[in-house]
**Student:** 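The following block contains the structure, expressed as structure tokens.
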Amino acid sequence: MDELAVGDEIGPADRRYKLEQFIAKGGMGAVWKATDISAARHHAQSGSQAQSVALKLLPAELQNVERHKQKLIEEAENARKLRHPNIVRLLDADEEALPPYLVLEYVDGQPLSDFAAPDTLLPVPQVLDIAFKCCNALEYAYREGLVHRDIKPANLMLARGGDVKLTDFGAALSLRSDATQLSGLVGSPSYMSPEQVREQDLTHHSDMFSLAVVVYELLTGRRPFDGDTDFATLYKISNETPTRPSLLRASLPAHVDEVLLR
């Protein structure tokens with residue numbers, strides 16, 4: 001299929017989605033804000049508001065690459081298992097369409113990466129509330145047999161109402177699948193756990209380490225492990241202890257230091 005544009009429609013006749021706004025493009029897909037046209041007709045009849053969704057599609061250059069199609073299929077299979085208030089829900093999927101796509105819950109808000117600089121930090125109580133909700137979501141995902149493997153601020157959405165939503169299970173490791181999955185270094189270097197760096201077996205502890213890195217950054221405006229190169233960053237993760245957060249933000253209570261560094 002040619003390059004997509006605002007106003008294009010995706011999906012079969014009974015499940016059409018109209019592209020409204022381009023959101024972002026990553027290594028595994030492009031994400032659009034779209035309107036569920038089928039639902040919109042129903043809402044028009046009832047007088048309620050049409051439903052916005054997030055549409056994740058394989059970009060044109062990847063649509064005929066089998067391993068990328070397989071990853072989208074795996075992401076759909078993983079997402080179908082998850083029903084948690086702090087995890088973005090999968091609403092629909094068509095892995096055989098052209099282009100293949102996933103339809104996800106649309107979160108009206110901002111990624112936490114917007115609040116990770118020294119001049120954009122959120123209040124400490126709000127960051128700690130976000131951390132607890134993310135812990136619950138990751139524990140739930142692990143009980144469902146999934147390790148996310150790419151926890152970072154850009155994959156955590158802060159909704160306008162203040163809730164947080166975990167997104168993008170495209171790199172997730174399924175502990176219950178016999179299928180061949182991505183191996184090697186998977187994830188974003190600054191947020192990897194030591195187990196990921198060493199390519200060891202992963203459990204939920206790996207995701208919790210990555211979440212602690214995110215929380216450290218949200219509290220201080222700095223990453224705990226930040227080298228000049230990816231290699232230097234990975235070395236620091238495996239060999240160095242980060243600066244205590246309270247030395248970077250004096251208002252932080254001592255127990256926050258203790259929990260994050262543990």
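Excluded from the calculations below are hydrogen atoms, water molecules and symmetry mates; all remaining heavy atoms, backbone and side chain alike, are included. All values reported here derive from a predicted model rather than from experimental measurement.
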**Student:** Is it the case that more than 12 heavy atoms not belonging to Phe22 sit under 6.0 Å from its CZ atom?
**Tutor:**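 Atom CZ in Phe22 is packed in, count exceeds 12.
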**Student:** Can you tell me how far OH of Tyr142 sits from NE2 of His204, rounded to the nearest 0.5 angstrom?
**Tutor:**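 Nearest 0.5 Å value for the NE2-OH distance: 6.5 Å.
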**Student:** What's the separation between atom OG in Ser210 and atom NZ in Lys152, rounded to the nearest 0.5 Å?
**Tutor:**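 Answer for the OG-NZ pair, Ser210 versus Lys152, is 11.0 Å.
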**Student:** I'd like to check Trp32 versus Val6 (side-chain heavy atoms, cut-off strictly below 4.5 Å). Are they in contact?
**Tutor:**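 In short, these two side chains touch, coming nearer than 4.5 Å.
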**Student:** Is there a chain of hydrophobic side chains (I, L, V, M, F, W, Y, each step under 4.5 Å between heavy atoms) that links Tyr106 to Leu102?
**Tutor:**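 No; Leu102 is not reachable from Tyr106 via cluster members.
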**Student:** Indicate whether the side chain of Asn86 and that of Asn136 have a donor and an acceptor atom separated by less than 3.5 Å.
**Tutor:**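 Note: Asn86 and Asn136 side chains miss the donor-acceptor criterion.
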**Student:** Are the charged groups of Asp36 and Arg16 less than 4.0 angstrom apart, N to O?
**Tutor:**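 Result for this pair is no, no salt bridge flagged.
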**Student:** One pair to check against salt bridge (Lys or Arg N to Asp or Glu O under 4.0 Å): Lys71 and Glu74. What are the steps and the verdict?
**Tutor:** CA-CA 5 Å; Lys71 280 306 301 174; Glu74 290 174 5; 3.1 Å; yes
**Student:** What pair of heavy atoms forms the shortest contact from Asp257 to Pro245, and how long is it?
**Tutor:**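 Minimum heavy-atom contact is OD1-CD, 3.0 Å.
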**Student:** Could you go through the side chain to side chain contact (heavy atoms under 4.5 Å, CB included) check for His205 and Ser193 one step at a time?
**Tutor:** CA-CA 9 Å; His205 293 107; Ser193 68; over 6 Å; no
**Student:** Would Arg15 and Asp92 satisfy salt bridge (Lys or Arg N to Asp or Glu O under 4.0 Å), going step by step from the backbone distance to the final call?
**Tutor:** CA-CA 9 Å; Arg15 300 197 316 277; Asp92 189 13; 2.9 Å; yes
**Student:** Begin from the C-alpha positions of Val256 and Ser246 and carry the test side chain to side chain contact (heavy atoms under 4.5 Å, CB included) through to its verdict.
**Tutor:** CA-CA 8 Å; Val256 173; Ser246 61; over 6 Å; no
**Student:** To check you understand the geometry: which heavy-atom pair defines the closest contact between Pro153 and Val214, and what is its length?
**Tutor:**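 Closest pair (atom of Pro153, atom of Val214, distance): CD-CG2, 3.8 Å.
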**Student:** Measuring from atom OG1 of Thr167 to atom CG of Asn155, what distance do you get when rounded to the nearest 0.5 angstrom?
**Tutor:**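 With rounding to 0.5 Å, OG1 (Thr167) is 4.0 Å from CG (Asn155).
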**Student:** In terms of the angle between their ring planes, are Phe169 and His148 parallel, tilted or perpendicular, with boundaries placed at 30° and 60°?
**Tutor:**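 Geometry flag for His148 against Phe169: perpendicular rings.
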**Student:** Can Ile73 be reached from Val31 by stepping across I, L, V, M, F, W or Y side chains whose heavy atoms are under 4.5 Å apart?
**Tutor:**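 Different hydrophobic clusters.
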**Student:** Check whether any side-chain heavy atom of Leu138 lies under 4.5 Å from a side-chain heavy atom of Met208, and answer yes or no.
**Tutor:**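 Result yes, sub-4.5 Å side-chain heavy-atom pair found.
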**Student:** So, do Pro100 and Asp94 sit near enough that their side-chain heavy atoms are less than 4.5 Å apart?
**Tutor:**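 No, side chains not in contact.
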**Student:** Test Val215 against every option in Thr220, Val259, Leu260 by the side-chain contact (heavy atoms from CB on, under 4.5 Å) rule and name the one that passes.
**Tutor:**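 It is Leu260, the one option of Thr220, Val259, Leu260 that forms the side-chain contact (heavy atoms from CB on, under 4.5 Å) with Val215.
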**Student:** Can you tell me if CG on Asp201 sees more than 12 non-hydrogen neighbours from other groups inside 6.0 Å?
**Tutor:**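 Open: at most 12 neighbouring heavy atoms sit under 6.0 Å from CG of Asp201.
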**Student:** Are side-chain heavy atoms of Gln51 and Leu91 found at a separation under 4.5 Å?
**Tutor:**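 A side-chain contact exists here, since the closest heavy-atom pair is under 4.5 Å.
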**Student:** Quick check: are there more than 12 heavy atoms from other residues, nucleotides or ligands sitting under 6.0 Å from CG of Asp108?
**Tutor:**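 More than 12 heavy atoms, drawn from other residues, nucleotides or ligands, come within 6.0 Å of this atom.
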**Student:** Glu217 and Arg222: side chain to side chain contact (heavy atoms under 4.5 Å, CB included), yes or no, with the steps?
**Tutor:** CA-CA 5 Å; Glu217 187 175 8; Arg222 286 175 48 180; over 6 Å; no
**Student:** Calculate, to the nearest 0.5 Å, the distance between atoms CZ and CD belonging to Arg149 and Gln196 respectively.
**Tutor:**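 Separation between the atoms: 7.5 Å.
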**Student:** Would Asp168 and Glu75 count as a side chain to side chain contact (heavy atoms under 4.5 Å, CB included) here? Give the steps.
**Tutor:** CA-CA 8 Å; Asp168 197 350; Glu75 182 175 356; 3.9 Å; yes
**Student:** Should Val88 and Leu166 count as side-chain neighbours, where that means a heavy-atom distance under 4.5 Å?
**Tutor:**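 They are not in side-chain contact.
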**Student:** Tell me the closest heavy-atom pair linking Ser52 and Lys33, and the distance in Å.
**Tutor:**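 Heavy-atom minimum between the residues: OG-CE, 3.6 Å.
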**Student:** Any side-chain heavy-atom pair from Lys81 and Leu146 closer than 4.5 angstrom?
**Tutor:**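 Contact flag for Lys81/Leu146 side chains = yes.
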**Student:** Please assess Lys133 against Asp129 for the test salt bridge (Lys or Arg N to Asp or Glu O under 4.0 Å), listing each intermediate value before the final yes or no.
**Tutor:** CA-CA 6 Å; Lys133 289 176 177 176; Asp129 179 65; 3.2 Å; yes
**Student:** CG of Leu175 to CG of Leu173: how many Å apart, nearest 0.5 Å?
**Tutor:**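 Those atoms lie 5.0 Å apart.
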**Student:** Quick one: do the Ser188 and Asp150 side chains pair a donor with an acceptor below 3.5 Å?
**Tutor:**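 There is such a pair (donor and acceptor under 3.5 Å, judged by atom type) between the side chains of Ser188 and Asp150.
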**Student:** Indicate yes or no: at least one non-hydrogen side-chain atom of Leu121 is less than 4.5 angstrom from one of Leu219.
**Tutor:**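 Leu121 vs Leu219: side chains apart.
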**Student:** Tell me, do Thr120 and Asp114 make a side-chain contact under 4.5 Å, heavy atoms counted?
**Tutor:**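 Sidechains of Asp114 and Thr120: no contact.
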**Student:** Once you round to the nearest 0.5 Å, how far does OH of Tyr140 lie from CG of Leu82?
**Tutor:**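 Spacing of OH (Tyr140) from CG (Leu82) equals 5.5 Å.
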**Student:** Might you point out which heavy atoms bring Ala172 and Asn78 nearest each other, and give the distance in Å?
**Tutor:**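 Of all heavy-atom pairs spanning Ala172 and Asn78, the closest is CB-ND2, 3.9 Å.
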**Student:** Verify whether one side chain among Arg223 and Tyr191 offers a donor that lies under 3.5 Å from an acceptor in the other.
**Tutor:**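 A pair is found: one side chain offers a donor N or O, the other an acceptor, under 3.5 Å apart.
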**Student:** Taking all heavy atoms of Ser190 and all of Thr233, pick out the closest pair and write down the distance.
**Tutor:**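 Between these two residues, the closest heavy atoms are CA-CG2, 3.8 Å.
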**Student:** Which atoms form the tightest heavy-atom contact between Leu218 and Phe115, and what is the distance?
**Tutor:**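 Shortest heavy-atom contact: CD2-O, 3.6 Å.
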**Student:** Of Lys18, Glu20, Glu9, which meets side chain to side chain donor-acceptor pair (under 3.5 Å) against Thr35?
**Tutor:**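 Considering Lys18, Glu20, Glu9, a side chain to side chain donor-acceptor pair (under 3.5 Å) with Thr35 is found only for Glu20.
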